[in-house]
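What you are looking at is a predicted structure, and each value in this text was computed from that prediction instead of being measured. Numbered from 1 within each chain, the chains take letters A, B, ... in sequence-line order. Worth knowing before you read on, the calculation uses all heavy atoms, side chains too, and leaves out hydrogens, waters and symmetry mates.
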Number of protein chains: 2
Amino acid sequence: MNHPVSKGESRVAGMTAKENLRPGGRSARVQASVHKAVRELMAEMSRADVTIPLIAGKAGVTPSTIYRRWGDLQELLADVAVDRLRPDMQPIDAGSGKADLETWAEQYAEEMSSGPGREMIRDVLAAQAGANACKCSEYTRQQIDVIAERARARGETFPDVERVMDQVVAPIMYRILFGDVPATKRVRDLVARVISTTD
Amino acid sequence: MNHPVSKGESRVAGMTAKENLRPGGRSARVQASVHKAVRELMAEMSRADVTIPLIAGKAGVTPSTIYRRWGDLQELLADVAVDRLRPDMQPIDAGSGKADLETWAEQYAEEMSSGPGREMIRDVLAAQAGANACKCSEYTRQQIDVIAERARARGETFPDVERVMDQVVAPIMYRILFGDVPATKRVRDLVARVISTTD
DNA sequence: TTCGTAAAAGCAAATTCTTTGCATTAATAG
DNA sequence: CTATTAATGCAAAGAATTTGCTTTTACGAA
């Protein structure tokens, strides 16, 4: 009922010490091994069968360490999921703002509607801490921002980022979350509409 | 790992028996008392403190009954949440399709972004069974359908229901889920746009 | 470097939740 | 009314969670 829980990093510190030169302090090492254990376990078994004692065993820490740092399984899974949802590359340059957005949106829809994608989103949204969810939409916003900047640099008009969030990202995510899997055609239509109604 | 779980009603049956004339069979009674217990407990304490043994005690059943019927707390909470998310009335008639939609959307945004609203949505989405989430968007679709039919009966043009889902409902829900609370003005703008771009 | 301090981790016992087999009760069909 | 099937109660066994206390580790200061 009262977790010290400092989420993610606990203090990546300056580390003047002898050993420990590489990554971070002990906290960082524990976090890394726990995250790794979670990813591996999620890959080899059903999410319903992953438990904290299991994770702890695989990560080489005690369960109480995990309970104290993350509070419960939900929060830990959300923490790991957010990590995995961070884009690992810039949006592909397809020649024009519209093509860029189309390419990006199709990939986004595909990744997010995949089995693992849905699970990660669920994990993020299921957690109490809303911060993780915020981070996710922030990642998305940044990607779109890159596309928008690129378009403007080319001298094209491009809709406001928030407009894109409302008219492209939101519908895709809504349908993924509430049952439908958005078809490619639908995604293209969303992009076409937001581009064509750009003020 | 292997729940008989027949979700909701198990068979509201014909009940020829002497007693039991009113609601349904034993199953229905148990479901009702468990749902009631959940609602009451959620009202009087933090969601994190609500446990199955607690619910069972308040509902006058044994924990194993709940485990066998619902599988786990998540599923039970989702089941209760869906119930509470079912609209209890038709959308208000505000004179025109646009006004109807505006009125409905503002109320929807307010209810869903409230504390209890967010919790219910989270509960629904966190559950494994996707059926509950589907039901939710189905409720919404039906409400909009009523508004659309009314508008057409008046001879107005009104956007396709799926367009409204994409351009009004989805953005509202996305922002609620991923951090923002949509302001009234934003909701009005969404409605204005979907109405003004009706083919 | 060495020492002191504070945060984090280990350990283990106590508690609470979850699962399961078996007995019992209730609802339905015949 | 009786047989059958499904659902619940009960209680023991198994896991997970919580917690107090000890030990380790990282970091700052002397």
Side-chain angles (χ1 to χ4, degrees), chain A residues 1-34 37-38 41 45 47-77 128, chain B residues 1-34 37-38 41 45-77:
Chain A
M1 200 103 27
N2 186 4
H3 317 299
V5 179
S6 59
K7 215 20 73 52
E9 34 48 87
S10 317
R11 178 165 25 94
V12 183
M15 65 195 116
T16 28
K18 334 88 228 287
E19 54 203 42
N20 234 21
L21 320 137
R22 283 49 87 55
R26 176 173 53 157
S27 278
R29 268 199 312 282
V30 168
Q31 152 140 353
S33 66
V34 169
V38 170
L41 287 172
M45 63 177 63
R47 226 185 96 260
D49 296 331
V50 176
T51 66
I52 287 185
L54 242 182
I55 295 167
K58 186 149 202 158
V61 302
T62 59
S64 63
T65 294
I66 297 183
Y67 285 115
R68 282 200 255 248
R69 275 183 69 153
W70 282 277
D72 63 20
L73 184 59
Q74 283 291 291
E75 295 298 323
L76 171 55
L77 293 184
Q128 289 207 297
Chain B
M1 204 99 31
N2 185 5
H3 317 298
V5 181
S6 59
K7 214 22 72 53
E9 35 48 82
S10 318
R11 180 163 26 90
V12 185
M15 64 193 117
T16 28
K18 331 89 231 286
E19 57 202 39
N20 235 22
L21 320 136
R22 286 50 88 54
R26 177 171 52 159
S27 279
R29 268 199 311 280
V30 169
Q31 152 139 355
S33 66
V34 169
V38 170
L41 287 172
M45 63 177 63
S46 157
R47 226 185 100 263
D49 297 330
V50 176
T51 67
I52 288 187
L54 242 183
I55 295 166
K58 186 149 200 156
V61 301
T62 59
S64 64
T65 294
I66 296 182
Y67 285 115
R68 282 199 258 247
R69 276 182 69 152
W70 282 278
D72 62 19
L73 184 58
Q74 282 291 291
E75 295 298 323
L76 171 54
L77 293 185

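Residues satisfying the side chain to side chain donor-acceptor pair (under 3.5 Å) test with B:S33, not counting sequence neighbours, are none. Here A:L73 pairs with A:I52, A:I55, A:L77 under the side-chain contact (heavy atoms from CB on, under 4.5 Å) rule; sequence neighbours left out. B:A32 is linked by a side-chain contact (heavy atoms from CB on, under 4.5 Å) to nothing, counting only residues two or more places apart in sequence or in another chain. Taking B:T51 as the reference, nothing meets the side chain to side chain donor-acceptor pair (under 3.5 Å) condition, with sequence neighbours excluded.
Atom-to-atom, CG of A:D49 to P of D:dG14 comes out at 19 Å; the value is rounded to the nearest Å. Distance CD (A:Q74) to C1' (D:dA16): 15 Å, rounded to an integer number of Å. When rounded to the nearest whole Å, the span between CD1 of A:I66 and C1' of C:dA9 equals 12 Å. In this structure, the CG atom of A:L54 is 18 Å from the P atom of D:dG14, given to the nearest Å. Between the C1' atom of D:dT18 and the CD atom of A:E75 lies a distance of 17 Å, rounded to the nearest Å. Summarising the geometry, the separation between CG on A:L73 and P on D:dT18 is reported as 12 Å, rounded to the nearest angstrom. Computed from coordinates, the B:I52 CD1 to D:dA16 C1' distance equals 14 Å when rounded to whole Å. Rounded to whole Å, the distance from CD1 on A:I55 to P on D:dA16 is 11 Å.
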List every contact pair, protein side and nucleotides 8-12 of chain D side both N or O, where the distance is under 3.5 Å.
unit_1, atom_1, unit_2, atom_2, d
D:dT8, OP1, B:R69, NH1, 2.5
D:dT8, O4', B:R26, NH1, 3.3
D:dG9, OP2, B:T62, N, 3.0
D:dG9, OP2, B:T62, OG1, 3.2
D:dG9, OP2, B:T65, OG1, 2.5
D:dG9, O6, B:R68, NH2, 2.6
D:dC10, N4, B:S64, OG, 3.0
D:dC10, N4, B:R68, NH2, 3.3

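Closest approach of B:R69 and B:S27 over heavy atoms only: NH1-O, 3.1 Å.
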* Yes or no on side-chain contact (heavy atoms from CB on, under 4.5 Å) for A:E75 and A:D72, after CA distance, side-chain angles and deciding distance? -> CA-CA 6 Å; A:E75 295 298 323; A:D72 63 20; 3.4 Å; yes
